[in-house]
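Counting convention: from 1, in listed order, for ligands and their atoms alike. The analysis underlying the following values was restricted to heavy atoms, covering all of them including side chains, and did not include hydrogens, waters or symmetry mates.
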Amino acid sequence: MLEIKNLKVSYDKVEVLHGLSLNVNEGEVVALVGANGAGKSTTLRAVSGLVRADAGTITLDGRRIDGASAVDVTRAGIAHVPEGRRVFAEMSVKENLLVGAFQRSDKDGIARDLASVFERFPRLEERQIQMSGTLSGGEQQMLAIGRALMSDPSVVLMDEPTLGLAPLMCRQIVKIVRELNSQGKTIVLVEQNARMALSVADRAYVIEKGEISVTGTGQELLHNPDIKKAYLGIA
Ligand code: ATP
């Protein structure tokens, strides 16, 4: 469904992705794990049209999306839940959610999706007129996910959704990932918390210094001695 081939990306002429290739099949949860600065977020940003590829191709259902604008990528069915949530602090919860539907004109569909986001996250419904900057970290993460869902995506890219959250909230995020996936969303999950990501993922890729070093099922990587040592804190 989503295929990245030989992707190269640079910031200020410094190349950070050196020909990265991966693929995501429809209905999968695919995790990208790796150290700080390995290039996980950059991979997601390249898919979303937030950074330009120097080389390589990105296709969604066989159609090239590299070079497309972020708006067109959203229209094509890919939503990005950015690292650090990036909710609009001075806007209400409901306004933030509606921003997620900015590229749509189907009013009935938008209303239906808003109702379903509120059903999934009752806390957001309770707080829909509250300024988003006053939400807790976990609530802001739910809002960021809800906002992504408002574009009615087929693929959801999630960048570090558990970062800085308490264990209980992390478990809740895992549950949400599983639910969204069982309801048909394809998910690409970037996580520092490799154990969590691998336990929820069908397949995973380890990114090291801008390249894929290892790939396999989540379970294979969880039991791979090198991965255990490098990313799971087990000697
Ligand atoms: P992290 O978990 O720390 O975000 P990551 O694997 O997601 O790590 P990226 O954020 O993709 O890594 O960063 C890859 C490399 O690109 C790093 O060396 C980083 O310093 C650099 N980089 C990221 N964003 C920028 C930017 N806007 N300008 C310049 N360099 C950047």
Side-chain angles (χ1 to χ4, degrees), residues 2-24 29-58 65-71 73-74 78-87 137-138 140-141 144-145 147-148 155-167 169-170 173-174 177 186-201 203-216 218 221-222 224 226-233:
L2 178 66
E3 185 157 36
I4 300 178
K5 271 195 190 152
N6 299 320
L7 180 66
K8 295 186 179 180
V9 174
S10 310
Y11 294 110
D12 303 326
K13 301 203 172 127
V14 179
E15 192 175 277
V16 299
L17 296 183
H18 313 293
L20 179 144
S21 301
L22 61 82
N23 72 294
V24 179
V29 178
V30 171
L32 309 184
V33 298
N36 270 335
K40 305 177 299 293
S41 299
T42 301
T43 304
L44 296 191
R45 282 190 221 123
V47 171
S48 297
L50 299 173
V51 294
R52 290 281 142 244
D54 293 338
T57 58
I58 306 174
I65 54 166
D66 51 279
S69 68
V71 176
V73 173
T74 310
I78 297 181
H80 192 150
V81 184
E83 186 174 359
R85 354 268 192 228
R86 304 282 172 93
V87 302
Q140 289 192 15
Q141 187 61 57
I145 296 171
R147 184 179 57 188
V155 182
V156 183
L157 312 177
M158 291 192 179
D159 199 345
E160 306 272 7
T162 69
L163 194 69
L165 300 184
M169 190 52 75
C170 293
I173 300 288
V174 171
V177 170
T186 300
I187 294 180
V188 183
L189 178 63
V190 161
E191 262 298 333
Q192 287 285 319
N193 184 343
R195 185 185 310 280
M196 182 280 263
L198 295 177
S199 60
V200 76
R203 288 188 307 115
Y205 292 88
V206 179
I207 303 184
E208 258 176 67
K209 300 198 180 107
E211 280 164 306
I212 302 295
S213 61
V214 188
T215 182
L221 296 198
L222 267 179
N224 174 320
D226 295 336
I227 305 293
K228 279 186 176 175
K229 207 162 139 195
Y231 300 105
L232 303 174

* **Shortest non-hydrogen contact from C170 toward T162** => SG-CB, 3.6 Å
* Y205 and T43 side chains, donor-acceptor separation under 3.5 Å -> no
* Close residues, ligand 1: non-hydrogen atom nearer than 4.0 Å -> Y11, V16, A35, N36, G37, A38, G39, K40, S41, T42, R45, E83, E160, Q192
* More than 12 foreign heavy atoms under 6.0 Å from CZ of R86: is that the case here? -> no
* Asked: For the side chain of E160 and the backbone of Q192, is there at least one donor-acceptor N/O pair under 3.5 Å apart?
  -> yes
* Pairing residues for Q140 by the side chain to side chain contact (heavy atoms under 4.5 Å, CB included) criterion, not counting sequence neighbours -> R85, V87, L135
* Evaluate the side chain to side chain donor-acceptor pair (under 3.5 Å) criterion for residues D54 and S10: first the C-alpha distance (whole Å), next the side-chain angles of each, then the deciding distance (0.1 Å), finally the verdict. => CA-CA 7 Å; D54 293 338; S10 310; 2.5 Å; yes
